[in-house]
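Have a look at the structure below before the remarks.
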Amino acid sequence: MQGDTASQAATLGVAGERPSTGPLVEARKLTKVHPARGGAAALVAVDGIDFRLERGEAFGFLGPNGAGKSSTMRMIACVSPPTSGTLRMLGMDAATDGSAIRARIGVVPQDDSLDAALTVRENLLVYGRYFGLSRATVRERSDKLLDFARLEDKADQRVETLSGGMRRRLTIARSLINDPELLLLDEPTTGLDPQARHVLWERLFQLKSQGVTLILTTHYMDEAEQLCDRLVIMDGGRIVAEGSPRSLIDAHVTREVLELRFADADREKATDVVLALAPGPVCQRVDVLPDRLLVYADDGDDALAVVNAAGLEPLTALVRRASLEDVFLTLTGRSLVE
Amino acid sequence: MTELSLAPPLREFAAEWLKYRRTWRGSIVIGLVNPLLFLTGIGIIGKLIDSSATGPLGGVSYLTWLAPGLMAASAMQMGFGSGGFGAFRAAAPGGGYRAASATPMSPTDILLGSLLFVTFRLSLLSAGFLLVQALLGAAPTWWAVLTVPAAALTGLAFAAPMAAWGIATKRFSTMQTVFRFVVQPLYLLSGTFFPLSTVPAWLQKVAYASPLWHGVELCRDINLGRLTFAAGAIHGGFLIAMVIAGVLFARVTYRRKLHE
Ligand SMILES: Nc1ncnc2c1ncn2[C@@H]1O[C@H](COP(=O)(O)OP(=O)(O)O)[C@@H](O)[C@H]1O
Ligand SMILES: [Mg+2]
């Protein structure tokens with residue numbers, strides 16, 4: 001299995017370890033203001049954020065819609081100049097060396113920019129030629145990338161005929177045509193069905209294991225937990241927390257969460273009773289959601305015993321491990337996905 | 001961004017060629033059949049005109065007088081369309097520009113490549129037109145060959161500023177309206193169908209501001225082998241100035257749209 005991956009890395013020609021010289025990407029006070037246009041006021045989409053990442057990391061931006069993830073990614077992709085702050089990548093300055101940086105990165109934008117009039121293979125050809133690759137090189141890499149994306153039998157079909165998952169895989173294949181050192185993925189699985197998501201995750205794992213540095217954005221906490229070594233949580237253009245998925249959960253929430261649902265008639269009274277239990281020896285904190293209560297506790301079963309001892313009979317009670325969703329809720333008071 | 005190399009614009013040219021390849025047979029047929037039908041029809045009507053009076057035309061047949069003007073006018077139409085509508089579509093989802101702008105290509109590379117391709121299409125169109133024109137005996141001298149680049153320049157004088165507008169606009173319909181109510185009437189005001197000497201003086205002054213009039217005059221003088229240096233400099237200079245102004249303007253709008 002190990003050898004398999006290594007040989008695929010070699011045949012794909014994906015950039016593996018290269019001598020490291022400082023951080024791969026470093027942002028300081030990075031800011032994007034979308035100027036006022038046609039009645040709409042100017043909008044601060046990214047509000048002075050700092051982050052850095054090293055070669056080989058899988059780094060994530062987790063946040064709800066409108067948090068500023070895409071605005072950040074477009075600056076990193078060097079297709080949107082920062083309004084202020086600095087962004088250094090691959091030892092260069094994103095503000096002035098955009099073309100040279102774009103030559104060395106791969107980009108999977110949020111709304112795929114495939115050319116609908118061309119076939120799968122032609123999309124790869126045109127894209128590879130934009131990087132100045134020879135036809136022969138593009139042809140050779142296309143075969144491997146189509147194999148990687150499991151699109152060999154679609155090679156000569158028009159992009160219009162592909163499903164959402166296939167388009168996404170093609171966009172990822174296309175982003176690898178220049179053998180990038182850094183791959184940017186903006187919401188790679190949004191809008192895909194669960195099966196298509198899992199196929200995509202598997203491909204991304206494969207890239208990660210080959211040493212490609214990944215930056216991805218998502219508003220799915222399970223995706224962030226699965227794919228990211230380290231992530232920042234974004235809200236309203238700012239970074240509200242940073243760390244590995246595990247360390248964020250450890251730092252901001254308890255080990256387990258007890259989810260309680262009550263019958264409509266009981267809800268109000270039950271909410272008051274449960275709120276009175278925290279902070280206590282077992283239940284540390286309670287969040288009230290429209291349809292359920294979340295009780296944070298290091299042991300969810302103990303918390304349920306305390307709830308039952310208080311004379312409450314929930315319709316359903318579920319004990320689960322705490323997730324990044326809970327971290328987000330704790331930090332911002334809102335859910336990731338409305 | 002500072003050094004300007006021809007290689008990146010040629011990549012955009014190649015990308016657009018790849019797409020065009022699907023339809024080029026169809027467009028070549030249209031490019032030949034249109035002038036054939038039109039010029040044949042005009043040739044018949046022209047005989048009637050010729051038999052009454054050709055004084056204002058300078059003693060040549062109406063067909064010979066008209067054909068280069070029509071060539072310039074159809075180049076204008078194509079230039080307007082592939083410049084304006086083309087840039088709009090290429091920048092929209094499913095178009096080619098958004099992919100290109102994520103690569104080392106600069107917005108200016110993309111712009112120049114697109115205009116290069118428009119120039120290529122304009123040249124094909126005009127060459128087809130000239131072929132039909134020659135077959136009908138309306139290309140009296142070998143000078144007529146030079147009407148092909150002159151017509152292409154006329155088209156480009158529309159394509160460059162239109163690309164600047166087309167990439168920036170949100171509404172396709174506004175461009176269509178301008179096409180219908182500004183560009184089409186230019187035909188009538190630019191001495192395409194009848195000599196300007198036959199219209200009131202104030203209308204002649206309007207025509208001098210029309211890029212199409214300069215294109216029509218340039219092509220017509222070349223076709224009749226009577227282009228003077230001064231006329232060539234004025235008409236050619238006017239058209240080249242439009243191209244340069246359009247490119248400078250489009251560089252800004254392309255950068256704003258593709259790398260905002
Ligand atoms: N090109 C743009 N012009 C104006 N406002 C924009 C533009 N792109 C994004 N925004 C605004 O900036 C904010 C952040 O958007 P975005 O970066 O797309 O967030 P996310 O990807 O996290 O959903 C939103 O309020 C959005 O409406
Ligand atoms: Mg987004």
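Just so it is clear, the structure is predicted and the values come from calculations on it, not from any experiment. So that the names make sense, note that chain A is the first sequence line, chain B the second, and so on, each numbered from 1.
Taking 4.5 Å as the limit, some side-chain heavy atom of A:Val126 sits within range of a side-chain heavy atom of B:Leu18. Using a 4.5 Å heavy-atom cutoff, the side chains of A:Glu122 and B:Arg21 are in contact.
The parts of B:Ala100 that come within reach of chain A are both its backbone and its side chain, each placing non-hydrogen atoms under 4.5 angstrom from that chain. Both the backbone and the side chain of A:Thr119 have a heavy atom closer than 4.5 Å to some heavy atom of chain B. Contacts of B:Ala14 with chain A are absent, with no heavy-atom separation under 4.5 Å from either backbone or side chain. With a 4.5 Å cut-off on non-hydrogen atoms, B:Leu10 does not touch chain A at all.
Here the NE2 atom belonging to B:His259 is positioned 9.5 Å from the OG atom belonging to A:Ser80, to the nearest 0.5 angstrom. Taken from CZ in B:Arg98 to CG in A:Leu114, the straight-line distance is 10.5 Å, to the nearest 0.5 Å.
When the heavy atoms of residues 154-170 of chain A are compared with those of chain B, the residues falling under 4.5 Å are A:Arg158, listed by number.
No more than 12 heavy atoms of other residues, nucleotides or ligands shown are found within 6.0 angstrom of CZ on B:Arg256. By the neighbour-count criterion of 12 heavy atoms within 6.0 Å, atom CZ of B:Phe179 is densely surrounded, having more than that number from other residues, nucleotides or ligands.
Contact between A:Tyr130 and B:Arg11 at its shortest, heavy atoms only, is O-NH1, 3.3 Å. Among all heavy-atom pairs drawn from A:Asp115 and B:Lys19, the shortest one is OD2-NZ, 2.7 Å. Of all the heavy atoms in B:Thr103 and A:Arg102, the pair that sits closest is O-NE, 2.5 Å. B:Pro104 approaches A:Ser99 most closely through the heavy-atom pair O-OG, 2.6 Å. Across all their heavy atoms, A:Tyr127 and B:Ala102 have their closest contact at OH-CB, 3.8 Å.
Ranked by heavy-atom pairs shorter than 4.5 Å toward chain B, the options A:Ser175, A:Ala77, A:Gly132 are led by A:Gly132.
Contacts of A:Lys69 classified as salt bridge (charged side-chain N to carboxylate O under 4.0 Å, His left out), with partners at least two apart in sequence or in another chain: A:Glu187.
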